[in-house]
Amino acid sequence: MSRASVREALRTLELLGIVETRAGGGTFVRQTSPDDLARPLTGLISRGHSLADVIEFRGLIEPAIAALAAERITQAQLAELGAIFATQERKVAAGEPYADEDTRFHELIGEASRNELLTTMLGVVWDVMRESREQWLQTNQRAHSSLDAHRRILAGLGVHDGDAARRAAADHIKSVGEGILRLIGGSKV
């Protein structure tokens with residue numbers, strides 16, 4: 001690799017705030033937060049990529065988060081997740097909107113994974129998909145399908161079974177993703 005290529009890569013990393021160059025001292029990795037890394041991802045994901053690509057990315061990352069969460073979730077988080085699920089069930093039965101509970105359910109699983117970078121990246125994906133997800137959640141059949149999937153994810157988390165949580169999350173994301181693409185007429189080329 002040439003010195004020019006290395007200098008260009010370091011300049012790019014410095015612009016992203018990942019490294020800093022000190023005159024006479026060299027180049028050092030900065031203390032970064034997941035938000036520092038997510039900022040460039042937000043722009044990257046929200047422009048120039050199809051919704052199908054974003055859904056596919058979500059399908060890769062969210063099951064991994066669920067598997068980690070199954071290993072790391074606390075009893076307090078399980079109790080909160082159960083309460084969120086119960087509220088979601090009540091709202092679905094009453095025909096009320098439940099997008100906030102759906103979002104919080106997934107966010108809490110992310111928090112339970114205790115991997116801030118993964119959950120920050122997932123947050124970027126959710127921001128990009130917010131409108132299509134809200135459209136998807138509007139019918140009674142989809143609401144019940146979401147509840148069934150959340151019930152399976154919660155069951156895997158409750159017994160700290162990473163494989164079960166991963167499978168349930170993967171099935172859920174695949175089903176929702178395919179449904180969203182059908183709803184808006186998109187497809188994976």
Side-chain angles (χ1 to χ4, degrees), residues 41 45 49-75 77-93 95-115 117-189:
L41 281 174
I45 290 173
H49 297 282
S50 69
L51 184 58
D53 286 341
V54 175
I55 289 169
E56 188 171 63
F57 181 79
R58 181 182 177 208
L60 294 172
I61 194 169
E62 202 158 342
I65 289 171
L68 284 175
E71 297 170 14
R72 300 172 178 172
I73 196 163
T74 66
Q75 286 304 315
Q77 288 170 322
L78 275 170
E80 185 179 352
L81 210 50
I84 292 166
F85 181 75
T87 301
Q88 187 178 4
E89 274 187 314
R90 182 186 53 75
K91 286 189 169 188
V92 166
E96 298 173 4
Y98 65 96
D100 290 342
E101 287 75 21
D102 183 76
T103 298
R104 183 64 189 135
F105 184 87
H106 289 277
E107 285 174 345
L108 186 54
I109 293 170
E111 290 168 18
S113 79
R114 294 190 215 146
N115 186 313
L117 180 57
L118 283 174
T119 56
T120 299
M121 291 173 62
L122 185 60
V124 170
V125 169
W126 277 57
D127 286 346
V128 171
M129 293 183 60
R130 185 168 318 282
E131 185 178 324
S132 61
R133 279 187 64 254
E134 288 173 0
Q135 286 178 351
W136 172 253
L137 296 173
Q138 289 180 2
T139 71
N140 194 37
Q141 178 184 355
R142 293 177 196 146
H144 286 289
S145 175
S146 180
L147 281 176
D148 290 342
H150 286 190
R151 187 176 292 109
R152 287 190 304 277
I153 294 167
L154 187 55
L157 295 171
V159 295
H160 302 281
D161 184 339
D163 289 335
R166 178 190 305 273
R167 280 191 309 275
D171 291 346
H172 178 44
I173 303 311
K174 182 178 185 223
S175 173
V176 169
E178 289 172 352
I180 288 172
L181 291 174
R182 277 193 308 273
L183 179 71
I184 63 168
S187 65
K188 183 70 183 160
V189 177

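- Across every non-hydrogen atom of G82 and L154, the tightest pair is CA-CD2, 4.2 Å.
- Expressed to the nearest 0.5 Å, how far CD1 of I153 lies from CG of D171 amounts to 9.0 Å.
- Checked against salt bridge (Lys or Arg N to Asp or Glu O under 4.0 Å), R151 has the following partners two or more places apart in sequence or in another chain: E89, D148.
- Shortest non-hydrogen contact noted between S146 and Y98 is CB-OH, 4.0 Å.
- For the atom pair D100 CG and I84 CD1, the distance stands at 11.0 Å (nearest 0.5 Å).
- A 4.5 Å side-chain heavy-atom check between T119 and S113 finds at least one atom pair inside the cut-off.
- Within the 4.5 Å cutoff, no side-chain heavy atoms of R167 are placed close to those of P63.
- Under the side-chain hydrogen bond (donor to acceptor under 3.5 Å, both in side chains) criterion, T74 pairs with Q77, sequence neighbours left out.
- Taking all atoms of both residues into account, the shortest heavy-atom contact from I173 to I55 is CG2-O, 4.4 Å.
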Output a table of donor-acceptor pairs, distance under 3.5 Å, between side-chain atoms of residues 158-166 and any protein atom two or more places apart or on a different chain; print 'none' if there are none.
from, atom 1, to, atom 2, distance (Å)
H160, ND1, A70, O, 2.8
D161, OD1, D163, N, 3.1
D161, OD1, A164, N, 3.0

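- Residue pairs satisfying the salt bridge (charged side-chain N to carboxylate O under 4.0 Å, His left out) criterion with at least one member in residues 77-88, sequence neighbours excluded, are listed as follows: E80-R104.
- Contact check for H144 versus V92: side-chain heavy atoms found under the 4.5 Å cut-off.
- N115 CG to L68 CG: the interatomic distance, rounded to the nearest 0.5 Å, is 6.5 Å.
- Rounding to the nearest 0.5 Å places CD of E101 at 7.5 Å from CZ of R90.
- A distance of 8.0 Å separates OG of S145 from NE2 of H172, quoted to the nearest 0.5 Å.
- Residue I109 holds its CD1 atom at 7.0 Å from CD1 of I73, rounded to the nearest 0.5 Å.
- By the 4.5 Å heavy-atom criterion applied to side chains, Q88 and L147 are counted as neighbours.
- Atom NZ of K174 has 12 or fewer heavy atoms from other residues, nucleotides or ligands within 6.0 Å.
- Scored by the ring pair (Phe, Tyr, Trp, His ring centres under 6.0 Å) test, F105 finds H150 as partners (sequence neighbours excluded).
- In this structure I61 satisfies the side chain to side chain contact (heavy atoms under 4.5 Å, CB included) test together with F57, I65, L118, M121, L122, sequence neighbours excluded.
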